Amino acid sequence: MPDPHPRPRPGGTLRFYGPGGLDHLDPAAAYYAFSHQVIRLFARQLFSYPTTEDARALVPVPDVAAELPTVANGGRSADGRSYTLRLRDGVYWDTSPQRAVTAADFVRGFKRMANPVAGAGALAYYTSTIAGMGQFVAGYRARFAGRTPTAAELADYQNSHDIAGLRAVDDRTLVIDLVRPANDLLNLLAMPFASAAPHEYDQLVPDSPEFIRQVRSNGPYRITSYVPGSHLTMAHNPAWRPDADPIRRRYVDRIDVRMARVSDERVRDEITSGRADLSWGAAVGRPRRRTEADRNLGWALNPYLVFNLNSPRAAGALRRREVRLAIAYAIDKARLVRFFDDMGIGTVTRPAHGVIPPGNVGHRDYDPYPTPGDQGDRARCRQLLAEAGYPDGLTLTMIYRIDAVHGQVAKAIAEDLAAGGIDCRLVEIDQTDEYYRILQDPKRAAAGEWDITPAAFMPDWFGNNGRSYVQPMFQSNTAVGTANYGGYHNPLVDDLIDRALSAPTEDSAAALWHQVDRQVLTDVAIVPILVCEPTIEHLTSARVRDAIPLPHVDRWYDAANLWLDPPD
């Protein structure tokens, strides 16, 4: 009889295969989930997320930090604006000789985020939180504006300029002072951007070919080769000590990633034949098992209907709440669920009612625009349009992206609106990058290039993530690159967001985030359509054991946690 709880067997080579690529290998710049899968194995942060199938997966725990900071242990000031973090013993770089990771290495890591060559994509999280970070970034960028600096010039700037809110008191103690209290600071410190960086990086241009050849590790594995778009290999890091790493394991001997522009069918064939163990960048699923990971570990709005509140079309009809409410009542959400179910990739999708989905701070179950069976009410749509002064309906332009099921979704919404008295001119955008360039440019919105669109939004992390989810979508922001695509502006919402960001606890912040949710829907700033829980039971070879999805890396598996039976 097989052992129901077999012990992990060390050894073997874990083999990935598929079309995915890394945006960057340097933690200072990497933003894609595929990059984060790799970075988790060689770069450590002060805090990180445990590999578990329950809600603990959403809560950062100490990584290189020795303990959670509290007022009682001296790690956090009573006003929440200063943190004193002590580093655990036994964390080393794979240098020769091996050298301990220090507080100064974390300061260097924060400074490298701001480099003008390959800096962090979410830099605003830190400039708005850590005292002096904004000034450091502005000075760094200004110094090298219009030219590409050398590694020596970058290092000189970083080593001769301080960030006021970061101090390495000694090798084992880091002090972080904040602009204001931040109940999500540990989440920010858990992002790969906030990884430690050894002094050897002063001799390297960030994310350059030289960096790739000389990248250092303080995790369980280290890079042994990397050719972008082709392959990546990793092997044991001899400097890693399991008793000094509370969240990672190291069962397999080697990791081999083969990257190729191939079909999902080819990836499936490689895995089922045993030539590969896991897919790389291809969502090749299998019938999913029901686990603790299904218990609301981070749902995303996909899709939600965005209104261009600055569109001049139809005499500015979308600026009228009654028109937006009419549209909200028209949409048959239940029908749209079927499009995603028919994809057969294992995601769970259901009708959305609030703007904050489950697994995101501030979520509450309520429905401000209920319709029978979530099937919409086109008669109610026509009635509201007439009350708003449009008894003969109106015409709007809907843009949509062509990939996946978004075309089907857009056409179904257009049919619902037509039944409610609204004609939609459908405009297909065949490049996802161009689609978001249009949405993120307020000038193009003001010019009336679009009126409505079924967009999607995925936060950078789940759990206590109002900064990553609610703030980008709903705080007033007219800069190019905004995630507030429709130009929504409400001073009350802006104030609630500011208060939530600096609330003393996550619970007090959650109440404020929920107030944002209710106000946004009172204003009908968007229409929540579906929520998607994107855990896919990815296909694995027959020998893979303990493959657990990581919510913070788009539910891809933790390669440090799984093992192989037989190893090879």
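Keep in mind that this is a model prediction, so the values were computed, not measured.
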Minimum side-chain heavy-atom gap E387-L384 below 4.5 Å: yes
Using a strict threshold of under 4.0 Å (side-chain N to carboxylate O), is an ion pair present between E415 and R335? yes
In terms of side-chain geometry, is the basic nitrogen of E434 or R437 positioned less than 4.0 Å from the acidic oxygen of its partner? yes
Does R499 have any salt bridge (charged side-chain N to carboxylate O under 4.0 Å, His left out) partners at least two apart in sequence or in another chain, and if so, which? D495
N183 and N464: side-chain donor and acceptor closer than 3.5 Å? yes
Parallel, tilted or perpendicular, judged at 30° and 60°: which one describes the rings of Y157 and H161? parallel
Can you list everything that forms a ring-ring contact (aromatic ring centres under 6.0 Å, His included) with [X]? Sequence neighbours excluded, please.
X	result
Y369	none
Y49	H552
W280	F16, F34
Y436	none

Sequence neighbours excluded, which residues qualify as side chain to side chain donor-acceptor pair (under 3.5 Å) partners of [X]?
X	answer
D374	H353
S195	Q45
Q471	Q475

All pairs passing salt bridge (Lys or Arg N to Asp or Glu O under 4.0 Å) where residues 504-528 contributes a residue, at least two apart: none
Under the salt bridge (Lys or Arg N to Asp or Glu O under 4.0 Å) definition, can you give me all pairs with a residue in residues 472-484, not counting sequence neighbours? none
Sub-6.0 Å ring centroid separation between H489 and F474: no
Residues in side chain to side chain contact (heavy atoms under 4.5 Å, CB included) with R261, at least two apart? none
Could you pull out every donor-acceptor pair under 3.5 Å between side chains of residues 446-460 and any protein atom, sequence neighbours left out?
unit_1: E449; atom_1: OE1; unit_2: R444; atom_2: NE; d: 3.1
unit_1: E449; atom_1: OE1; unit_2: R444; atom_2: NH2; d: 3.2
unit_1: E449; atom_1: OE2; unit_2: R444; atom_2: NE; d: 3.1
unit_1: D451; atom_1: OD1; unit_2: S311; atom_2: OG; d: 2.4
unit_1: D451; atom_1: OD2; unit_2: T397; atom_2: N; d: 2.7
unit_1: T453; atom_1: OG1; unit_2: I399; atom_2: O; d: 2.7
unit_1: T453; atom_1: OG1; unit_2: Y435; atom_2: OH; d: 2.6
unit_1: D460; atom_1: OD1; unit_2: Y31; atom_2: OH; d: 3.3
unit_1: D460; atom_1: OD2; unit_2: Y31; atom_2: OH; d: 2.6
unit_1: D460; atom_1: OD2; unit_2: Y125; atom_2: OH; d: 2.7

